[in-house]
Amino acid sequence: MEWEDGKTLGRWEDLSTDILWKIFESFNDVSDLSSAVGKVHCSAVCSAWRSVLCDPHLWHTLDLSMIKHNFIKTKDEPYVYVCSQSDLTLSRVLKVSLSLSHQNITTLIFNLQLYVPDDLFTYTAERCPKLRRLVMPSWNKIKIDGISKAIGCWKHLESLTIGNIEKYQYLTLLQVIYDNCKNFRELKLMGTCDTNSFASAMVRYLPKLEVLSLRCSMLSKDALMVILESLPNLEVLNISHCVVLDETHQPHQPFRIVEELDASIVDKASRLKRFITCMRMPTDMRVQEDSCSMCQRTRNDEGIIRWHRYEEGMWKADEVASLAL
């Protein structure tokens with residue numbers, strides 16, 4: 001094709017590799033949905049573009065945090081019905097991305113409200129053997145065997161972020177991490193850790209844990225003490241915006257929410273490099289003000305934040321830089 005001045009319009013496949021690489025690299029700045037799936041769309045333009053998109057440097061991170069399902073809640077398992085078109089879109093994006101990455105993905109980020117089918121989750125795991133960091137999707141459609149099979153593929157996993165999780169899922173998850181992931185060091189749990197069994201399982205299966213964030217979770221005072229006393233390698237603990245419960249209550253009475261950390265907790269936390277909390281310390285002489293907005297939201301939601309009620313992407317925040325998205 002020629003313009004009126006006689007110049008020839010170049011073809012898409014004739015763009016230089018350097019220019020293409022810069023274009024595709026910009027998709028790593030995930031600010032909207034188009035960025036998350038941009039590489040997949042571009043791979044269908046021509047063979048030259050697809051060839052450039054196979055560069056492993058473009059696939060260290062696969063960020064799907066902006067992809068969400070259209071769904072409705074149901075009464076029966078898996079307690080959610082997902083629109084078939086949403087499932088097809090997710091499946092295509094994942095499978096094409098995994099094909100292009102040639103097993104070079106080291107960070108995989110799902111939206112917490114993405115309902116990934118069990119078979120697609122294990123399919124993904126098998127094609128990401130170098131994975132070091134994972135932000136989990138919702139658990140509704142992932143089975144226990146799927147969790148075990150997936151974690152078994154991730155021998156190099158170091159960091160995991162998970163939303164609210166049932167006790168039996170949590171115990172299975174920690175055990176398979178203990179059996180398979182010898183370099184695991186960082187955990188973020190957003191949900192409930194309100195019993196000693198949650199903390200004790202963490203101590204048993206994650207003895208080398210260095211960084212723990214329980215931000216916006218429900219946490220018992222006793223569980224907090226177990227964590228501080230029994231994880232010798234722990235360096236950073238974030239309990240910002242947590243609902244901390246005092247279990248030394250009278251029978252048939254509601255749990256009491258701890259408003260101020262006592263001296264024993266502060267003393268045990270002093271060995272850490274960083275202890276992050278919104279709660280008052282015994283030495284804090286300031287007049288107690290109303291809780292911050294995030295603390296109030298955690299209380300209103302009874303320790304399990306309903307992230308869909310609030311600002312888009314709020315779940316990604318964390319005071320620990322290595323866990324923030």
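Values reported hereafter were calculated over all heavy atoms of this structure, with side chains retained and with hydrogens, waters and symmetry mates removed.
- Within the 3.5 Å criterion, the main-chain N or O of L120 finds a donor-acceptor partner in the side chain of T124.
- The OH atom of Y115 sits 5.5 Å away from the CD atom of Q113 when rounded to the nearest 0.5 Å.
- Both tests pass for R127 against the ring of Y123: distance under 6.0 Å to the centre and angle within 45° of the axis.
- Between D301 atom CG and Q296 atom CD the span is 10.0 Å, to the nearest 0.5 Å.
- Taking the side chain as every heavy atom from C-beta outward, T161 and M136 never approach each other to under 4.5 Å.
- With a 4.5 Å cut-off on side-chain heavy atoms, F275 and L237 count as touching.
- Taking Y205 as the reference, L174, Q175, Y178, A201 meet the side chain to side chain contact (heavy atoms under 4.5 Å, CB included) condition, with sequence neighbours excluded.
- A donor-acceptor pair under 3.5 Å is formed between the side chain of T89 and the backbone N or O of Q85.
- With L272 as reference, L228 is the one residue of L231, L228, V236 to meet the side chain to side chain contact (heavy atoms under 4.5 Å, CB included) rule.
- Defined by atom type and a distance below 3.5 Å, a donor-acceptor pair is present between the side-chain atoms of D318 and S213.
- Ion pairing of K221 with E259 is absent here, as no side-chain N (NZ or NE/NH1/NH2) approaches a carboxylate O to less than 4.0 Å.
- Taken from CD in E166 to CG in L173, the straight-line distance is 13.5 Å, to the nearest 0.5 Å.
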Exercise. Evaluate the side-chain contact (heavy atoms from CB on, under 4.5 Å) criterion for residues L323 and V211: first the C-alpha distance (whole Å), next the side-chain angles of each, then the deciding distance (0.1 Å), finally the verdict.
Key: CA-CA 9 Å; L323 290 169; V211 178; 4.1 Å; yes
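- The shortest distance between side-chain heavy atoms of C278 and C292 falls below 4.5 Å.
- A donor-acceptor pair is defined here as one N or O able to donate and one able to accept, closer than 3.5 Å; such a pair exists between the side chain of T277 and the backbone of M279.
- Placement of F110 and L325 in two distinct hydrophobic clusters is found when ILVMFWY residues are connected by side-chain heavy-atom separations under 4.5 Å, directly or transitively.
- A distance-only check finds a donor-acceptor pair linking the side chain of R306 to the backbone of I304 [under 3.5 Å].
- Remark: the N140 side chain and the S138 side chain contain an N/O donor-acceptor pair separated by less than 3.5 Å.
- For the atom pair SG of C216 and CZ of R299, the computed distance is 13.0 Å after rounding to the nearest 0.5 Å.
- Listed for the T172 side chain is no donor-acceptor partner under 3.5 Å among the backbone atoms of I144.
- For E311, the side chain to side chain contact (heavy atoms under 4.5 Å, CB included) partners two or more places apart in sequence, or in a different chain, are R297, M314.
- The two residues S230 and V203 come nearest to each other via the heavy atoms O-CG1, 3.5 Å.
- Taking the side chain as every heavy atom from C-beta outward, M190 and I305 never approach each other to under 4.5 Å.
- Side-chain atoms of D118 never come within 3.5 Å of backbone atoms of I142 as a donor-acceptor pair (strictly under, hydrogens ignored).
- Other residues, nucleotides and ligands contribute over 12 non-hydrogen atoms within 6.0 Å of the CD atom of E229.
- Within the cation-pi definition used here (under 6.0 Å to the ring centroid, within 45° of the axis), K167 does not qualify as a partner of F198.
- Using modelled atom types, one finds no donor on one side chain facing an acceptor on the other under 3.5 Å when comparing H102 with N104.
- Using a 4.5 Å cut-off on side-chain heavy atoms (C-beta onward), L245 and L219 make no contact.
- Sequence neighbours left out, the pairs with a member in residues 136-166 that pass ring-ring contact (aromatic ring centres under 6.0 Å, His included) are F121-W154.
- The residues E126 and K149 are annotated as salt-bridged, a charged nitrogen and a carboxylate oxygen being separated by less than 4.0 angstrom.
- Of the inter-residue distances, the one linking L157 atom CG with R132 atom CZ reads 10.0 Å to the nearest 0.5 angstrom.
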Exercise. Test side-chain contact (heavy atoms from CB on, under 4.5 Å) on R133 and T61 and set out the steps.
Key: CA-CA 9 Å; R133 183 184 183 189; T61 298; over 6 Å; no
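- Taken to the nearest 0.5 Å, the CD1 atom of I177 stands 12.5 Å off from the CD atom of E158.
- If you check the side chains of E319 and N238, you find a donor sitting under 3.5 Å from an acceptor.
- Of the possible donor and acceptor atoms, none in the side chain of S91 sits under 3.5 Å from a partner among the backbone N and O of D87.
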Self-check item: Criterion side-chain contact (heavy atoms from CB on, under 4.5 Å) on L94 and L62, from CA distance to verdict
Solution: CA-CA 9 Å; L94 258 179; L62 177 57; 4.0 Å; yes
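- There is no side-chain donor-acceptor pair under 3.5 Å between D222 and S220.
- Residues N180 and K155 bring a donor and an acceptor atom of their side chains to less than 3.5 Å of each other.
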